[in-house]
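A note on names: the letters A, B, ... follow the listed sequences, proteins ahead of strands, and every chain is numbered from 1.
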There are 2 protein chains.
Amino acid sequence: MTAPRRAVLRALARAQRPLSVEELHERAKAQHARLGLVTVYRTLQVLEELGLVRRIHEQGACRSFAASSPGHSHAITCERCDKSSEFNGDDVCLLTGAIERKTGYRVSGHWLQLVGVCPSCRKSGAER
Amino acid sequence: MTAPRRAVLRALARAQRPLSVEELHERAKAQHARLGLVTVYRTLQVLEELGLVRRIHEQGACRSFAASSPGHSHAITCERCDKSSEFNGDDVCLLTGAIERKTGYRVSGHWLQLVGVCPSCRKSGAER
DNA sequence: GTCGTAATTGAAACTAGTTTTCAACTACGT
DNA sequence: ACGTAGTTGAAAACTAGTTTCAATTACGAC
Ligand SMILES: [Mn+2]
Ligand SMILES: [Mn+2]
Ligand SMILES: [Zn+2]
Ligand SMILES: [Zn+2]
């Protein structure tokens, strides 16, 4: 555990929304000025393996990252402010029976991501 | 509708598994030898907008594409042979109530992708 | 504390993936 | 056939991500 890694981890933990590698680099430099971009890439890779970070997949490219707790969970992202939260408690298992019947595959894993409107955006833009 | 586009479309339709842009280029050149890589990118973009192609998201980067029918559907990929199929009939709607209660978000969309073992791989490797 | 070693770091060079530019070429309606 | 708007491909430009390597740092053994 080194200072550069702590800086990246902290920037990630503070973020309310998924960050690109560049953004993460910018923010983490606040903690550790001489932080190199390469280290951000390397740290993300380590954290991803540990399950402490998740890549957020979006239509188009998938270049942003959010903190995550280890183990199986899913993310939901606000379509207005981009705030992203995770939740767990499974879920898709309930559907696998039907899917196996429909496709003939045996389901061994899944990958779910949701879009919605976060609590605070629901309050502000009360319309709709 | 031009010859280059037909070539790309055909290569996509024939593929049993998601293809990278390079792979698609290779295969489509069989139909139209002077096909440029740029055209593959451009065609994919058009087809994606039309909902005729979907990007397959994987752990790590998300650089492969599979044919798809327009409208809401999901993909399941075989963890042994990479064969990818799509299915529809919804599904996740059943879970949104619980997710909204859990997260406080209002759910407006989702994005599900499954991993499993395809029928023919189930037959061959009967063990497990 | 000091030392030794293995792991980590950051700059620079490199590779891969994607987009832009632009002149030539098609598709297709008239 | 003709005209035009849309499409194409090569090359150049650009962006994202990886490798290389010498210097630095963490940390366990003394
Ligand atoms: Mn789940
Ligand atoms: Mn669905
Ligand atoms: Zn919001
Ligand atoms: Zn299979």
Side-chain angles (χ1 to χ4, degrees), chain A residues 1-13 15 17-68 77 82 84 113, chain B residues 1-13 15 17-68 77 82 84 113:
Chain A
M1 186 41 73
T2 63
R5 285 181 177 177
R6 263 190 301 273
V8 172
L9 206 45
R10 190 162 180 198
L12 253 176
R17 61 174 182 83
L19 299 178
S20 71
V21 178
E22 285 293 354
E23 285 173 322
L24 200 45
H25 183 211
E26 279 317 313
R27 295 190 183 197
K29 275 201 287 192
Q31 303 297 316
H32 184 76
R34 23 187 268 91
L35 178 67
L37 181 57
V38 199
T39 297
V40 179
Y41 278 105
R42 289 193 279 228
T43 303
L44 281 174
Q45 193 171 307
V46 172
L47 295 176
E48 205 171 1
E49 277 157 19
L50 294 173
L52 295 173
V53 115
R54 90 171 57 243
R55 182 183 291 264
I56 300 294
H57 297 246
E58 311 171 47
Q59 146 110 12
C62 302
R63 290 180 183 125
S64 50
F65 295 84
S68 130
T77 302
D82 276 342
S84 184
Q113 189 163 333
Chain B
M1 188 38 76
T2 63
R5 285 181 179 177
R6 261 190 303 273
V8 172
L9 206 44
R10 191 162 180 197
L12 253 177
R17 62 175 181 81
L19 299 178
S20 71
V21 177
E22 284 294 352
E23 286 173 323
L24 200 44
H25 184 210
E26 279 318 310
R27 295 188 183 198
K29 275 201 285 192
Q31 303 297 315
H32 183 77
R34 22 186 269 91
L35 177 67
L37 180 57
V38 198
T39 297
V40 179
Y41 278 104
R42 288 192 281 228
T43 303
L44 281 173
Q45 194 171 307
V46 171
L47 294 176
E48 204 172 2
E49 276 156 19
L50 294 173
L52 295 173
V53 114
R54 89 170 59 241
R55 181 183 292 262
I56 301 292
H57 298 246
E58 311 171 47
Q59 147 112 9
C62 302
R63 290 184 183 121
S64 52
F65 295 84
S68 129
T77 303
D82 276 343
S84 183
Q113 190 165 322

Quick one: on DNA chain C, does Tyr41(B) or Arg34(B) contact a more 5' nucleotide (nearest heavy atom)?
Tyr41(B)
I want to confirm an ordering. Mapping Met1(B) and Glu22(B) to their closest nucleotides on DNA chain C, which one lands closer to the 5' end?
Glu22(B)
Rounded to the Å, how far apart are [X] [atom1] and [N] [atom2]?
X        : N       : atom1 : atom2 : value
Leu24(B) : dT18(C) : CG    : P     : 12 Å
Leu35(B) : dT8(D)  : CG    : P     : 9 Å
Gln45(B) : dT18(C) : CD    : P     : 12 Å
Leu37(B) : dA12(D) : CG    : C1'   : 14 Å

To the nearest 10 degrees, how far apart in direction are the end axes of the helix from dG1(C)-dC30(D) to dT30(C)-dA1(D), each fit to five base pairs?
40°
Quick one: does any side-chain atom of Ser68(A) pair with a main-chain N or O of Gly51(A) as donor and acceptor, under 3.5 Å?
yes
Counting the atoms with a prime plus P, OP1 and OP2 as sugar-phosphate, which does His32(B) contact under 4.0 Å by heavy atoms, base, sugar-phosphate, or nothing?
sugar-phosphate
Residue closer to the 5' end of DNA chain D, Arg5(B) versus Val38(B) (nearest nucleotide)
Arg5(B)
Output all residues satisfying salt bridge (charged side-chain N to carboxylate O under 4.0 Å, His left out) with Arg54(B), sequence neighbours left out; order by chain, then residue number.
Glu86(B)
Ignoring hydrogens and angles, answer whether the base of dG17(D) and the side-chain atoms of Arg63(A) contain a donor-acceptor pair closer than 3.5 Å.
no
Any N or O donor-acceptor pair under 3.5 Å from the base of dG6(D) to the side chain of Arg42(B)?
no
Is the shortest side-chain N/O distance from Thr2(A) to OP1 or OP2 of dT9(C) below 4.0 Å?
yes
Is there a side-chain contact (heavy atoms from CB on, under 4.5 Å) between Leu12(B) and Leu52(B) once you walk through the steps?
CA-CA 10 Å; Leu12(B) 253 177; Leu52(B) 295 173; over 6 Å; no
His25(B) and Gly36(B): which non-hydrogen atoms are nearest, and at how many Å?
NE2-C, 3.6 Å
Which heavy atom of Ser84(B) sits nearest a heavy atom of Pro18(B), and at what distance?
CB-CD, 3.6 Å
Considering the options Arg55(A), Glu23(A), Glu58(A), which one meets the side chain to side chain donor-acceptor pair (under 3.5 Å) requirement together with Ser64(A)?
Glu58(A)
